[in-house]
Amino acid sequence: MTNLIELKLPIEGMTCASCVARVERALAAVPGVASASVNLATEQAQLSLQPEVGAPALAAAVQRAGYAVASTRTDLAIEGMTCASCVARIERALRAVPGVAEAEVNLATERAQVVHLGTDAAPLIAAVERAGYTARTLAESASAAPRASPDAGWRVALATLLSAPLALPMLGDLLGQHWMLPAVWQFALAAPVQFWLGARFYRAGWKALRARSANMELLVALGTSAAFGLSLALWWQAARDDAMPHLYFESAAVVITLVLLGKWLEARAKRRTLAALDALRALVPATATVRRNGVEHSVPLADLRVGDEVVVRPGERVPTDGELIEGRSHFDESLLTGESLPVAREAGERVTGGAINAEGLVVLRVTAVGTETTLARIVRMVENAQARKPPIQQTVDRVAEVFVPAVLVAAALTLLAWGLFSGNWEAALVNAVAVLVIACPCALGLATPTTLMVGTGLAASRGILVRDAQALETMRQVRVVAFDKTGTLTEGKPRLATLVAAEGEHDDALLADAAALQSGSEHPLARAVIEAAAARGLAA
């Protein structure tokens, strides 16, 4: 065996040397494993094995021996994906890494979820890069310096301006007008669209070819390049024969413009959805007031520790999950419950991070920080729902994986059939180009994941949390929805409906006095009184 690879497995449950021997025997018995050495101190197994040995077989062997292999879920941020065939290519590359049990890539969120044996993410990143893309762990992606991501709308606008003079003559033909530009002007307008604004398609197509695969960008690059090249050939032939050529520069330019427009619209939808998750994260303040040794300090939220005493003043948001140890107040917990009326909390009761302290200074003891807080788990749950694939998207990915090669074959057959049977190779090439540029799997590869992402994001921004993407798919079967909380369906904002003054008193004077008494309170009922006074022009 000359193509053996090395793999480290973390083993759980070993207690003595006999455990080591038992695990070694179990692993060595797996077909394709050349050698297995287990270290009790590090609780790791060092394996030499064939690349095709799968993680499930190794884990099952260890489990049969009475132990367990620790698995890790690594989330990767993927750059460079453009269509569903990219998703399939990256998933194949990740699943081929020894030790990987599951790999799921989402085009809309540009993330990969990988369940693998061990904790090293380097082989995963290397596999993605060999496939022609860029990958980072989410921790690295978050800590990396933010890269500029300017809105690509100007590219779409410029492509439209350059393509419009090429497309307008077709409208003129319908009106009996001849608006066709000279060939040199057509070339001058189409070339920047083809080779500058459309350069992204060539780059992505080249990456696909290097990975011995095909994607939607390759279809666009081949189709528009064929139309552009055919126009150059017909222009040269017409100049030699001193004739008026029939050119296809407008086809190449318009196709690239339309695809750029679709990419821009998709990017806008993704940004709006990610903004909804950012709004959830923004529910907690950036700093917290911590009381240590009787002295209050303002510290960044990342410096909070379980057991710290945090002071929350009226109107402030609770920075993290905690238990009240001093004071009592009402808290707006609508972000979790949907009920907009504040809930009374007193010493000994728990408060959720992100809730608003309506009145009264309180002190709470921190019970959870960082990713363990309730709000962080909610955000993570929504992100996972966006990343997971429902059954319909898994079907779409399988179709899209073979779609691009099938289109290339169809275009070649179209070219040969038209050319051989009609003898008109110009028409044959035009029809083959039409097959290439029209049969793009955008609708398959982008519509499904983008729709799921937008749906879960918009739901989160409206207080509806989707735990599983499959729930959205099965939602079409729902006929009746029952709610048990009026605050979820109503506005939940109290307003003063009736004011009755005692005999001898004036309504306006009573309202002004009541508003003055409530002016320092953030309680919804107090705000209702203040707003009623303001509506009558009374000073609080």
Side-chain angles (χ1 to χ4, degrees), residues 73 75 83-84 87-88 91 102-113 115 262 265-283 332-343 352-355 373-401 403 441-494:
R73 197 193 87 170
D75 292 335
C83 65
V87 171
E91 287 182 346
E102 299 176 20
E104 193 170 79
V105 179
N106 189 291
L107 176 62
T109 58
E110 296 182 332
R111 289 186 180 181
Q113 290 185 349
V115 177
L265 293 174
E266 174 210 350
R268 284 190 62 194
K270 288 163 61 175
R271 282 198 300 270
R272 286 198 300 268
T273 301
L274 296 177
L277 288 180
D278 290 338
L280 279 179
R281 297 187 185 96
L283 289 175
D332 180 358
E333 298 180 348
S334 58
L335 77 161
L336 290 177
T337 64
E339 294 284 4
S340 53
L341 287 178
V343 180
T352 303
T373 64
T374 303
L375 189 60
R377 292 200 300 269
I378 290 174
V379 173
R380 190 161 61 246
M381 182 176 65
V382 175
E383 289 176 336
N384 290 341
Q386 290 182 334
R388 288 196 184 99
K389 296 180 183 178
I392 183 61
Q393 188 175 337
Q394 295 173 10
T395 303
V396 163
D397 288 347
R398 286 196 296 269
V399 172
E401 184 176 355
F403 190 81
C442 301
L444 287 176
L446 295 178
T448 302
T450 301
T451 300
L452 290 171
M453 187 184 70
V454 172
T456 54
L458 291 178
S461 68
R462 288 163 171 77
I464 303 172
L465 303 178
V466 181
R467 291 187 57 188
D468 190 346
Q470 188 172 354
L472 289 178
E473 182 179 338
T474 56
M475 187 71 75
R476 68 182 186 275
Q477 302 172 359
V478 174
R479 295 295 178 266
V480 178
V481 179
F483 294 89
D484 65 347
K485 294 184 178 182
T486 56
T488 306
L489 302 178
T490 60
E491 185 179 0
K493 184 178 180 181

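- In this structure a side-chain-to-backbone donor-acceptor pair under 3.5 Å is missing from Thr352 to Ala355.
- Shortest non-hydrogen contact noted between Val480 and Val478 is O-CG1, 3.7 Å.
- Val105 approaches Ala112 most closely through the heavy-atom pair CG2-CB, 3.9 Å.
- How far OG1 of Thr374 is from CZ of Arg377: 4.5 Å, rounded to the nearest 0.5 Å.
- The nearest pair of heavy atoms linking Arg73 to Gln113 is NH1-NE2, 3.6 Å.
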